[in-house]
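Here is how names work: the chains are called A, B, and so on, in the same order as the sequence lines, proteins then strands, and each is numbered from 1. Everything numeric here is computed off the predicted structure, so don't read it as measured data.
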Amino acid sequence: MDKIAKGKRIDLKTVFPFLGLIAVMIFFQAVSGGRVFTPKNLKAILNDSFFILIATVAFSFVMAVGNLDLSMGTVMAVSCTCAAVAAKASPMLAIPAAIISGGLLGWFNGFVHVHMRLGSLIGTMATQSIFTGILVLLLDGGTLSAPISMLRWGTMGLKLTVMLLVVLLGGYFFNFTAYGKSCKAIGSSAEAARLSGVAVGRVKSMTFIVLGAAVGLLGLFSLIRTGTASATTGSDLMMNVWCAALLGGLPLSGGAASKFRAPIVGSFTMSFLSNGMTLMGLSTHDKQLIQGIIFLLTIAISFDRKNMTVIK
Amino acid sequence: MEQTEYMLCAKGMTKSFGITRALKGVELYLKKGEVLGLIGENGSGKSTLTSIIAGIQPADSGEVTLCGEAYSVKNSVEANQKGICMILQEKATFDQLSVAHNIFIGNETAFQKGGILDNERMYQEAEKILAELGVDGINPRDKIRDRSFEDGKLVELARAAFLKPRILIVDETTTALSQNGRAILYAMMEKIKKNGGGVIFISHDIQEMMEKCDRLTVLRDGDYVDTIDKPEFSEGKIKKLMVGREIADNYYRGDHVCSYEKEVVLRFEKVTTKHLKEVSLELHKGEILGFGGLADSGMHDIGKASFGAIPILEGQVADKSGEPISNPRESMQKRIAYIGKNRDQESLFPNSPIRDNIAIASYKKLAKSTFIAPGKETAFVQEWAEKLDVKMQNIDQYVMELSGGNKQKVALAKWLGFGADIFVLDCPTRGIDIGVKASIYRLMEELKAEGKSIILISEELPEVIGMSDRIVILKDGSVSGEFERSELLTEHTLINYMV
């Protein structure tokens, strides 16, 4: 009895993201004449997916609650800049500077949503603009560079370790702790969660703080990778992460249908997609156009229109 | 059967929702000038059948004839045009619109002149319709959101009255109405009956059904069971037809003794909330404390305030050691549990599996430091779902797929598993069938025997009288009467203190 009913739950929505990933892999492998699965290219894909995966894992908690975040790209740029400023004093200082600045901006997002009681979409739209202002002030119209010594930090080993750690921790908290379960409960019904003893405001704030800190960490790695902090840092992060989350099958309304496999599958789909387009010789602008179309199609297919009002 | 005698005939009606077969070939015959009661447990298909007739959803198969002609409608507007109107169980008014605009919704053209809506005439007409119905105290200019749920239902009645239907369907509306509101509804039904129309009436209250209906059609699990005429009405017979087996007539508490221990476990000290004015009272260990009153008497605030779910403006709710309770998390630390009147919004996560719904209150208990072992959670949920006898496929089934009674069992399992000492139950048997109702009453008796305390808030007076050790009646936010359990206590006595 148990098994039969469980079997039934494996429906199209579960398989679809996996099929998408496989389809993307096969398509670009064929079109590029077998250039996708080469050691060198796979390394490039891992480099790409590093940013998308870590941000999407952190974002999946925000989404499970039923919230969204428009400010993450800017948070990454601010953290990157903070890291660059701190690195001038001492390179090691860059690490806490990036993570703490990101966490603080995330906390502010949570404050706006929870205490000023604004919808996350409108709230983070406003904070995104504020953060951009801070970014411009910090950069003073130019760019900041990292000490050369920091560029050596960016080894594949470190990146893989961090990635693995984030996925393991994320999966643990998402599926096996009261925190992750509370996130999904709030996404299902915030009022019922409150009346079941969930500290709704605190949990919501925490999801934003964690996302901010994770994106702050990415700001640090962006500094290590490119050596500079500029106004364009992180500008493509948000779109990539939103796409990855939707391609992976995270529902916009949050709740119990949010699964942890989604950010992982979605991130790799997005990385293969982006890489494949580069292999085909598409320019950044062409890629943006196509990515926009893919985003629209994914959301059109996956959007649960019945639960529209649930999105806050 | 002679066809002409009936104004509405439905035959072989079927309807499925996914794998759930809500109707499996049901029939219904409505005579001219009668009130036909449609009765059955939750999930028996009453609402599905009537909403198909009212054009709210299509049937999978089946044949409906209206006055001898084939009847098929695509939506409720078409049904209205053919003279069929339905009052829904759920809220069907628009918050942002005025009372008058709600009454005439979809029929605004009648008040148009050159494309401009004559609001003034609309208000006057609305006032007339409300007055004819006997509703007073509702200004047609008020926004619905400023009116109570009951007023909303009365506005829906006015909307139906304006359409002058030949057939009126009333789906479980009386639970939302006070005595006065009910009188208005009954008068309206009587009028339609007199004018040669017909009424299909749905209610869980068997007494009410026996009083108001001329014939009763009984459904069970989507099947047609039987139709009985007024002379054959008896509570025992109807219940038997509904559940398919004998049910004892008296399913409330067997004893008539008011009993509780001395220890006070919860204390209201001059509590003022939005709907309560300086209410002071005490709940004792092993006591079932019942609350009755009209919908706006503030009795639902008693439940919410006991659980710290609403702001307390003045005074305090304190536990046995005198510590105040100000939010649900604190009250849970003091072992208080709350099941709200609006089950689907307040007590349950309909879009989540049974597992999450039962475990949510007990994560602290289940976690080892932060880790919640899936096996431990499964065992816990399984244990309590089975103890409460929840009818389910497995614990990963979604709660929205369950019937009302089973949903309530899930909510109860959550708090029993949590291990509460005080249970605050607001309308625990609302919209629940007899079988589950009886099991909830038995459960309450068991809890009392174990020394747990219960606050029972209910719109059904027989239930309050039948279960409580003490009964508090509220009126306009204040205590208007307090009674001890006694055999002599009647509904009539209590109602005098309510209005």
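Only the side chain of B:E377 comes within less than 4.5 Å of a heavy atom of chain A; its backbone N, CA, C and O stay farther away. For B:K364, no part sits under 4.5 Å from any heavy atom of chain A, backbone or side chain. Looking at A:Y179, there are no atoms closer than 4.5 Å to chain B (heavy atoms on both sides), in backbone or side chain. Contact of B:A367 with chain A is not made at all, since no heavy-atom distance falls under 4.5 Å. For chain A, the nearby part of B:Q345 is the backbone; its heavy atoms alone come within less than 4.5 Å.
Residues forming a salt bridge (charged side-chain N to carboxylate O under 4.0 Å, His left out) with B:K365 (at least two apart in sequence, or on another chain): none.
The aromatic rings of A:F108 and A:F111 sit parallel to each other, their planes meeting at less than 30°, with 60° as the upper class boundary.
Ranked by heavy-atom pairs under 4.5 Å with chain A, the first of B:D344, B:I360, B:L366 is B:I360. Ranked by heavy-atom pairs under 4.5 Å with chain A, the first of B:F307, B:F349, B:F371 is B:F349.
Sorted by first and then second residue, the salt bridge (charged side-chain N to carboxylate O under 4.0 Å, His left out) pairs involving residues 186-200 of chain A (not counting sequence neighbours) are A:E191-A:R194.
For the pair B:Q382 (side chain) and B:I395 (backbone), a donor-acceptor distance under 3.5 Å is absent.
When each of B:K341, B:R430, B:K414, B:K304 is checked for a salt bridge (Lys or Arg N to Asp or Glu O under 4.0 Å) with B:E346, only B:K304 meets the rule.
Ring-centre distance between A:F61 and A:F174: below the 6.0 Å cut-off.
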